[in-house]
Amino acid sequence: MDKIAVEKKWNKRWTEQKVYSFNEKDVANKHYVLEMFSYPSGSKLHIGHWYNYSLTDSYARYQILKGKNVFQPMGFDAFGLPAENYAIKTGVHPQDSTLHNIEVMEEQLKNIGAMFDWDHEIKTCMPDYYKWTQWIFGELYKHGLAYRKKAPVNWCPKCNTVLANEQVVGGLCERCDSQVVKKDLTQWFFKITDYAEELLQCLDTLDWPEKTKAMQRNWIGKSVGGEIQFQLENGQGSFKVFTTRADTLFGCTYVVLAPEHALVDVITTDEHKAEVQAYKDEVAKTTEIERLSTAKEKTGVFTGAYAINPINGQKVEVWIGDYVLATYGTGAVMGVPSHDERDFKFAQKHNLGIIRVIKGATEDVDDTLPFCDDGVLVASGEFDGLTSEQARNAIVDKLATMGKGEKKVNYRLRDWLVSRQRYWGAPIPIIYCPHCGEVLDENLPVELPYDVEFTPDGTSPLAKHEKFIHDVVCPKCGAPATREADTLDTFVCSSWYFLRYPDSKNSQQAFNTEWIDKMLPVDKYVGGAEHACMHLLYARFFTKALRDMGYLHFDEPFKSLVHQGIILGPDGNRMSKSHGNVVSPDEYVGTYGSDVFRCYMAFGFRYIEGGPWSDDGIKAINKWLDRVERYVLSAYQDYPTTTDFGTEEQQLNRVRHLTIKAVDSDYNEFSFNTAVARMMELVNAIAKYDQQPTKNAQLYRDTVDDLLVLLCPLAPHIAEELWQQTGHQGSVVVQKFPAFDESATKASQVEMLVQFNSRPKVRINVDATLNAQQLQELVLKDPKVQELLQGATPKKVIAIPGRLVNIIV
RNA sequence: GCCGUUGUGGCGAAAUCGGCAGACGCAAGGGACUUAAAAUCCCUCGACCCAAAAGUCGUACCGGUUCAAGUCCGGUCAGCGGCACCA
């Protein structure tokens, strides 16, 4: 078979006949399969795309065979920096390059032979899409979930834009690895922190990889504790500290404020002013990375001020130190050197007191090290004898009655910074009016102008576009106004695309509530694990926010999530141009066709693991598919036939049904490698049966028919071609998954393993229906067993029908 | 340091509720067919021991539970991913 020609033929025919279109009338039976959409970069689809898209498509095809009404759309995450950077380098406008790349990629995606529903395609850079991205911004704004504030933000000097916390990896820009610096800027934020608790709680309800859920939990970073108020000694006011260890409060010997803390300048005494200012200057100069390094020494200086520990009235020194972060908790911590690693180091260095107030269960107290575990309180007045856990509550409760403390939960999650000082993104629909201030523009879309000078210089390219900025009046008062020049982070665009797909042509709304309530949540979402704390978190936030506004009525967008593994280069490194280990799928697809390539990827890797690329087995898969062809055609040739159903027939039928059962669950679990292995076993059984001089044609043909249907998710074109060549009506891709007949898998006689002292010794054929008692009796009577027993009486016999018999002597 | 995850032949990997470890393939070796090659088909293929039969060892390491452990329990080590001065 000329596999390439066959692929072209069927691909074309399926598209013409719309074999794959979703039936909107049968929405109750829908199965929404979604692959993370791709970024239309200039380079072609790589192995990773193929691995993700082709095998998830196999899962979708399997669902069709199982009678599901599958919705599997595709689109493009088309805004973003790479197109803009490409434009800066080459002068080709981002819109032109993006739209061109999309065309090329559409063609490539079609060649995979996947059944994407192109009628619902989305391109996020088109006004008919970003109009609704802007609308969602407006809704968030109206509900207090989008706001503007001046804050120290992450700035990438190379990309010339701010970044979200999630886009800073180890102090470096996620995209270009430049060192990120802090800048004080007024920026737009989404209030994702309002949903921190729900985002955390709902993780338990999701069928997601444990790893991903753990990463989100970690990122949200909930910590339960208390806020404790310290009065300043000389009546200059008070400040709060956040702690998870209120039980150690009696051990507090000093407090530390973040150098940026507002109170620092107020409380510093004259004699310490110079030193404090010098320290603050020093801190401002160090980079974020240096400052956050755990290896760095715990530096700090005394302010000269004192505060009162509210639980015991002790006077403690107030220090500043850069290990206290202004952006977490209250920007102030209490120092308990006896029970905290960092405080201990800090106290040692600066000669501060160390008072031990928690005793461990064991008595081997080592006072040269901090004791950081829970224990029992000592030297803590009325709280002596309480466990740490009891004391945490008791102490905060006591403080609460004094008005000096309260229980408090803190999250590490920060609000999502969405402004970007770049061109190629959705404009933020905000107008600034000299009289009314910040006004939401509801006249959408706010179109992104084409003729923009986008060479980055640290200011937003749109700011330099006179017409865009100034050709606007205030919607409230009609006065001449100006537009917001920043654009939205592309992650905003991708935070709701799965809601748009089912209703992609709706020009009146972002989506119809009633309709997407039926179509969502996504039943199976497949994409890379690298999105754990960005896209997957943002999309959940959007879903919950839109739910609370009444635009939809479900809690989570992605019910079940699968991460495909990563295909590494042959050298075991991540494929990249710099490693020079990039493998292109094109050559393989050109030589063997997409079915062979897909089957090879299916068989060669555990789907969720991935691994280093090697093409050692691709020829074998090609041969195997040829073998399938030979036997399928052989079954339909003329040969001496019989209607008998003897041992050989039973054998074949048995393997056939075991294969049906196994492949069914394998597809369902994305275990494509074992699915192929099972089908290989079936083909081996068929090959053996083919040797029979006289064959049961009915059984033989039914069996190869089943094989073609089982194979069709992984090799749709080849299966279809053979289906047609053997004279079937209709397309194989919409057949019913073969029915499993359990009785066919049961032999009347089974080979039973007999062990002596747990070591395999003898095999005897027994009736399959015997119960444990009968089995034991029969086995003990067996001559071979008798011989091994040599007259001894077994101490114990374990007989398990269907498994084994173990004789202990 | 914390969280998660993975350790099985020369290689990719299988193994249901604890029940014959290595299915299915690749590579390798041997053979059939062929003038030859390709294609196809058959056999061997964890290690040790051995003429063979039999036997011993073997799922990262140490220990435990069990008639029986890749699988369960306790501990250790290594790889991978994430977080990390978060109070």
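The sequence lines fix the lettering, A, B, ..., with proteins before strands; numbering per chain opens at 1. In this text the structure is predicted, and so the values were computed from the model without any measurement.
- Interface remark: the A:Arg763 side chain does form a donor-acceptor pair with the B:C20 base, using a distance-only criterion of under 3.5 Å.
- Across the strands present, B:C17 finds no partner; the criterion is a Watson-Crick or G-U wobble pair with both atom distances under 3.5 angstrom.
- For the P atoms, the distance from B:C67 to B:C2 is 37 Å, rounded to whole Å.
- For A:Ala620, counting side-chain heavy atoms from C-beta on, the closest listed nucleotide (B:C67, B:C26, B:U40) is B:C26.
- Summarising the geometry, atom CG belonging to A:Leu537 is positioned 6.5 Å from atom CZ belonging to A:Arg540; distances are rounded to the nearest 0.5 Å.
- On the C1' atoms, B:C20 is 27 Å away from B:G29, given to the nearest whole Å.
- Candidate nucleotides B:G4, B:A87, B:G19 were compared by shortest atom distance to the side chain of A:Lys211, and B:G4 ranks first.
- Within 4.0 Å (heavy atoms only), A:Ile808 reaches sugar-phosphate atoms of the nucleic acid but no base atom.
- Residue-to-nucleotide contacts include a donor-acceptor pair under 3.5 Å from the side chain of A:Lys298 to the base of B:C85.
- Base engagement by A:Phe603 is indicated by at least one non-hydrogen atom pair under 4.0 Å involving a base atom.
- Taking every side-chain heavy atom of A:Lys623 into account, B:A39 is the closest of B:C67, B:G4, B:A39.
- The A:Glu681 side chain lies nearest to B:C24 when the options are B:C20, B:C24, B:A87.
- Atom C1' of B:C72 sits at a distance of 14 Å from the matching atom of B:G19, rounded to the whole Å.
- Of the two residues near RNA chain B, A:Arg245 and A:Arg803, the one whose nearest nucleotide lies more 5' is A:Arg803.
- Of the candidates B:C67, B:U16, B:C3, the closest approach to any side-chain atom of A:Ala214 belongs to B:C3.
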Spell out protein contact along nucleotides 6-11 of chain B as letters: B when the base is contacted, S when just the sugar-phosphate is, - when no protein heavy atom is under 4.0 Å; keep the 5' to 3' order.
------
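- Within the nucleic acid shown, A:Gly604 comes within 4.0 Å of sugar-phosphate atoms alone, with no base atom in reach, counting heavy atoms only.
- Comparing B:A87, B:C67, B:A23 by their nearest atom to the side chain of A:Arg678 picks out B:A23.
- For the C1' atoms, the distance linking B:A68 with B:A21 amounts to 14 Å, nearest Å.
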Criterion side chain to side chain donor-acceptor pair (under 3.5 Å) on A:Asn806 and A:Ser758, from CA distance to verdict
CA-CA 6 Å; A:Asn806 191 2; A:Ser758 309; 3.1 Å; yes
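- Cation-pi contact between A:Lys695 and A:Tyr639: present, with separation from the ring centre below 6.0 Å and deviation from the ring axis of at most 45°.
- Within the nucleic acid shown, A:Gly610 comes within 4.0 Å of sugar-phosphate atoms alone, with no base atom in reach, counting heavy atoms only.
- For the C1' atoms, the distance linking B:A78 with B:C62 amounts to 15 Å, nearest Å.
- Contacts of A:Asn684 with the nucleic acid, taken as non-hydrogen atoms under 4.0 Å apart, involve only primed sugar atoms and P, OP1 or OP2.
- Of the candidates B:A87, B:A23, B:C85, B:C85 carries the atom nearest the A:Tyr323 side chain, counting heavy atoms from C-beta on.
- Using a 4.0 Å heavy-atom distance criterion, A:Arg759 is classed as a sugar-phosphate-only contact.
- The shortest heavy-atom contact between A:Cys599 and A:Val676 is O-CG2, 4.5 Å.
- Listed nucleotides B:A14, B:G25, B:C41 differ in distance to A:Arg627; the shortest reach to its side chain belongs to B:C41.
- The C1' atoms of B:A54 and B:A60 are separated by 31 Å, rounded to the nearest whole Å.
- Of the candidates B:C83, B:C41, B:G82, the closest approach to any side-chain atom of A:Met215 belongs to B:G82.
- Where A:Pro760 and A:Asn673 each meet RNA chain B at their nearest nucleotide, the meeting point lying more 5' is that of A:Asn673.
- When the nucleotides B:C83, B:G19, B:A87 are ranked by their closest atom to the side chain of A:Val324, B:A87 comes out on top.
- Across B:A84 and B:G1, the matching C1' atoms stand 8 Å from one another, rounded to whole Å.
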